[in-house]
Every structure is written in structure tokens, then in C-alpha cells.
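Only one structure is covered here, and it is reproduced in the block below.
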Amino acid sequence: MSQEDLADTAKLSQGQSSEIENAKHSTTLDNIQRLVFALGVPVADLLREERS
């Protein structure tokens with residue numbers, strides 16, 4: 001899914017989506033819910049920190 005498609009599906013601006021993805025913007029629970037719905041993933045997966 002492109003960032004544009006995600007933003008569109010989650011009803012966020014592409015700028016908001018990008019800032020959230022890159023941890024440059026804090027967000028609301030409402031926006032997290034929108035992203036979870038758009039991605040079809042559990043909240044835990046969305047918030048999981050990737051470790052290398």
C-alpha cells in the first residue's frame with residue numbers, strides 16, 4: 001500500500017501520515033484507530049518497535 005493510499009483510506013493527509021510514520025509527529029488515539037483500520041492490523045502490531 002502506498003503512503004498516499006494509506007492516508008486516503010485512513011482519512012489523513014499524506015503529510016500527517018508521513019510525519020506519523022517517521023515519528024516526527026505525535027498523534028491521537030483517533031488517528032491510530034484510523035491507521036489500524038486502514039492497515040487491517042492489531043494496534044499492538046502498529047505500535048511495535050522494530051528491533052534489529
Side-chain angles (χ1 to χ4, degrees):
M1 175 181 288
S2 72
Q3 194 175 68
E4 184 177 358
D5 289 339
L6 174 60
D8 206 33
T9 303
K11 295 181 175 40
L12 298 170
S13 73
Q14 192 171 355
Q16 268 184 304
S17 176
S18 176
E19 289 178 349
I20 294 166
E21 178 181 3
N22 293 302
K24 296 187 187 242
H25 183 276
S26 59
T27 193
T28 64
L29 289 174
D30 181 56
N31 287 346
I32 291 171
Q33 184 177 15
R34 292 170 187 241
L35 290 167
V36 164
F37 179 77
L39 292 168
V41 298
V43 172
D45 287 354
L46 185 68
L47 301 178
R48 182 174 293 130
E49 183 179 343
E50 289 191 32
R51 302 178 199 272
S52 46

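To the nearest 0.5 angstrom, Asp30 atom CG is 8.5 Å from Leu12 atom CG. Rounded to the nearest 0.5 angstrom, Ser13 OG and Glu4 CD are separated by 11.5 Å. Atom CZ of Arg34 and atom OG1 of Thr9 lie 12.0 Å apart (nearest 0.5 Å). With rounding to the nearest 0.5 Å, the separation of OG1 in Thr27 from CD1 in Ile32 is 6.0 Å. Atoms CG and NZ, from Leu6 and Lys11 in turn, are 12.0 Å apart once rounded to the nearest 0.5 Å.
Residues Phe37 and Leu47 fall into different hydrophobic clusters, defined by Ile, Leu, Val, Met, Phe, Trp and Tyr side chains chained together at heavy-atom separations under 4.5 Å.
Nearest heavy-atom pair, Gln16 versus Asn31, reported as atom, atom and distance to 0.1 Å: NE2-ND2, 3.7 Å. The minimum heavy-atom distance between Val36 and Val41, with the atom names listed, is CG1-O, 2.8 Å. The shortest heavy-atom contact between Ser17 and Ala7 is CB-CB, 3.9 Å.
Other residues, nucleotides and ligands place more than 12 heavy atoms under 6.0 Å from the CD atom of Gln3. Summarising the local packing, CD of Gln33 is surrounded by 12 or fewer heavy atoms from other residues, nucleotides or ligands at distances under 6.0 Å.
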